[in-house]
Undergrad: 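Sharing a structure here in structure tokens format.
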2 protein chains.
Amino acid sequence: MFTFDQLAGFIAVAEELHFGRAAERLNMTQPPLSRQIQKLEKAVGAELLERDNRKVQLTAAGRAFLEEARRLMALASRAPVTARRIASGRSGLLRIGFTAASGFSILGPLLEEISATLPDVDIDLQELVTGEQIAGLLSGELDLGLARPPFDNEIFDSHLLYREAMVLAVPSGHPLAELNRDITEKDLRDEPLIMHSSTQARYFYDLVVRMFPVQHANVVHTVSQILTMVSLVAAKRGVAFVPHSATLLGVHAVEFLPLESSVNDPVELHAIWTRNITNPALALALRTLDFQEN
Amino acid sequence: MFTFDQLAGFIAVAEELHFGRAAERLNMTQPPLSRQIQKLEKAVGAELLERDNRKVQLTAAGRAFLEEARRLMALASRAPVTARRIASGRSGLLRIGFTAASGFSILGPLLEEISATLPDVDIDLQELVTGEQIAGLLSGELDLGLARPPFDNEIFDSHLLYREAMVLAVPSGHPLAELNRDITEKDLRDEPLIMHSSTQARYFYDLVVRMFPVQHANVVHTVSQILTMVSLVAAKRGVAFVPHSATLLGVHAVEFLPLESSVNDPVELHAIWTRNITNPALALALRTLDFQEN
DNA sequence: ATCGAGTGATACCCGGAAGGCATCATGTTT
DNA sequence: AAACATGATGCCTTCCGGGTATCACTCGAT
């Protein structure tokens, strides 16, 4: 096998067609350069240069090998640059999981900021419920999650993205909309309710149950996606508790009513990631987004 | 700059994720391999492997660099192969000049034989008159010519491809065709003659002038291409001396009459090339075609 | 024809790089 | 706690690669 020095020597000689000048260009003397070329030719197994005691010429094989040598040198000089870019986080891949609800509001601005400051970082997006995001983060298939509590603070570091109030989604023209006041528990006693899945959307489920003693008899549907809920409300299947950002969905024939504030815990959305960061792009992204405490 | 050994070491470790096993695969001991990787990381300017005293893992930069390293090694191992192929003549480029007349007959079989025995040799064809071929061979723009004498035997080596008689092309139904005997000088005393260019087709011009004392008053056209001549004969513009292979052109309304043999020097077509062969593909082609004396 | 200049190859020497062996440091397993 | 596994380090030796001096050969000028 030949060496990069031999390749560089060959390229210099091939360009100068003169060992002395080539050696000067390489900051060395002529004799070792001659030997370099000899060794290279031996390693390649073909004459690359025809030396005629008066002038130097490329052979046919030499011309072909020159191209390969240039390609090798170019590749060899670029490889560390890309590696350093990736190590620094300025380049690479960021795999982000997000809940459907976060997609309406925070995801857009967040991606915009990342791609503006880190244009060479590729972003891979997956819509996943919180539980799936946590599994993805733990298995290393995900770098960053946009998820809701609870999650293990021993393993995950996190940054609160926003809190928002829950509202009640009702079909347009629904009697509750006429009240013009905050909705109370009593108002919902006989309303058909579209409820969150207790497994797929555990956070919302727990939150709602904590807020209102839900009459299970009233539950007409159990779904996991906010958009599905709002669509069902629009179809007059019932009313539903949704985060305030659901108003941004722009579904027609739905109104959103405030809930009695005393019991209305705001819902939270967090950016979460494992504490042992291995992806430099994540480290840099967290720093530029100001998510890291330190 | 790093070395190929370092790259090979890194690839081995990255694949084994174990310094000891990687070292064994590389037929060396573990300590120098550890140092190789350290030097490589220093040269690249980024951590490529995360060593954890228990297990070895690739970093993000390491994964990217691994790809580049594999590409480099593949390129480096292929480059000598292609160079050797070209040096041996089994691969490369053969630039062949040919006269229009040779195109009718010998060129096809010749190309067929070359491409059958040397399938990886690219062939570049140019139709050129003999003079242009000689210039091309001397300037190095051409490897092989299919041309007519004269050429300098000091500079060029050659191989006689074929000799053929000259014939007289006459329009169909021409009175001379009725004679049913060889054409003599006297028969042509009053015939309008389509003549070869004395500069562009010097060989034919000299040959014809040597054969028949051409009446310059009879010359109605001066052209350089055999096909043009035959076409003009078909158009009844006159008669013309052409090599026998012109019968293969398949131009309608033309007949070819034999010439008095005593004066009929055959015309020759030679393959010619400069004696100092630099293109290995040419050397090999000449050998497979049995053109070389030695 | 001869001599000098130019150019690549060779001979020889020396310093540093790379590999091997022995050993250390550290974390895991029993 | 002890034994084991594994990568890092220290030290020695060898060998590779560069430098200097010189040779061999060709070409051009006198």
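It should be emphasised that the depicted structure is a prediction, and the values quoted were computed from it without experimental measurement. A note on names: the letters A, B, ... follow the listed sequences, proteins ahead of strands, and every chain is numbered from 1.
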Undergrad: Taking only heavy atoms on the protein side, list every residue of residues 31-44 of chain A lying under 4.0 Å from any atom of DNA chain C, sorted numerically.
TA: A:Pro31, A:Ser34, A:Arg35, A:Gln38

Undergrad: Mind checking ring-ring contact (aromatic ring centres under 6.0 Å, His included) for B:Phe2 and listing every partner two or more places apart, or none if nothing turns up?
TA: A:Phe4, B:Phe65

Undergrad: Determine whether A:Arg63 and A:Glu47 satisfy the following criterion, salt bridge (charged side-chain N to carboxylate O under 4.0 Å, His left out), listing intermediate values before the conclusion.
TA: CA-CA 11 Å; A:Arg63 269 188 295 277; A:Glu47 264 204 351; over 6 Å; no

Undergrad: Near DNA chain C, counting only heavy atoms under 4.0 Å, which residues of residues 8-25 of chain A show up?
TA: A:His18, A:Phe19, A:Gly20

Undergrad: Looking at residues at least two apart in the chain, or sitting in another chain, which of them share a salt bridge (charged side-chain N to carboxylate O under 4.0 Å, His left out) with A:Glu50?
TA: none

Undergrad: Nearest 0.5 Å, what's the OG1-CG distance between A:Thr99 and A:Leu107?
TA: 9.0 Å

Undergrad: Could you name each residue pair satisfying salt bridge (Lys or Arg N to Asp or Glu O under 4.0 Å) that touches residues 72-100 of chain B, not counting sequence neighbours?
TA: B:Arg85-B:Asp120, B:Arg95-B:Asp143

Undergrad: Going by ring-ring contact (aromatic ring centres under 6.0 Å, His included), name the residues that satisfy it together with A:Phe19, two or more places apart in sequence or in a different chain.
TA: none

Undergrad: Take atom CD of B:Gln30 and atom P of C:dG19, then tell me their distance rounded to the nearest Å.
TA: 13 Å

Undergrad: Can you list everything that forms a side chain to side chain contact (heavy atoms under 4.5 Å, CB included) with B:Val267? Sequence neighbours excluded, please.
TA: B:Arg148, B:Glu164, B:Met166, B:Tyr203, B:Phe204, B:Leu207, B:Pro243

Undergrad: Can you tell if the side chain of A:Glu113 reaches within under 4.5 Å of the side chain of A:Leu289, non-hydrogen atoms only?
TA: yes

Undergrad: Mind checking what makes salt bridge (charged side-chain N to carboxylate O under 4.0 Å, His left out) contact with B:Glu127, not counting sequence neighbours?
TA: none

Undergrad: For A:Leu93, which of A:Val121, A:Asp124, A:Leu282, A:Ile123 qualifies under side-chain contact (heavy atoms from CB on, under 4.5 Å)?
TA: A:Asp124

Undergrad: Not counting sequence neighbours, which residues clear salt bridge (charged side-chain N to carboxylate O under 4.0 Å, His left out) with A:Glu68? List them please.
TA: A:Arg71

Undergrad: Could you list where the contact with chain B starts and ends along DNA chain D, reading 5' to 3', using a 4.0 Å heavy-atom cut-off?
TA: D:dA5 to D:dC11

Undergrad: Would you give a per-nucleotide map of nucleotides 25-30 of chain C, 5' to 3', where B means the base has a protein non-hydrogen atom under 4.0 Å away, S means only the sugar-phosphate does, and - means neither?
TA: -SBS--

Undergrad: Mind checking what makes salt bridge (charged side-chain N to carboxylate O under 4.0 Å, His left out) contact with A:Asp206, not counting sequence neighbours?
TA: A:Arg202

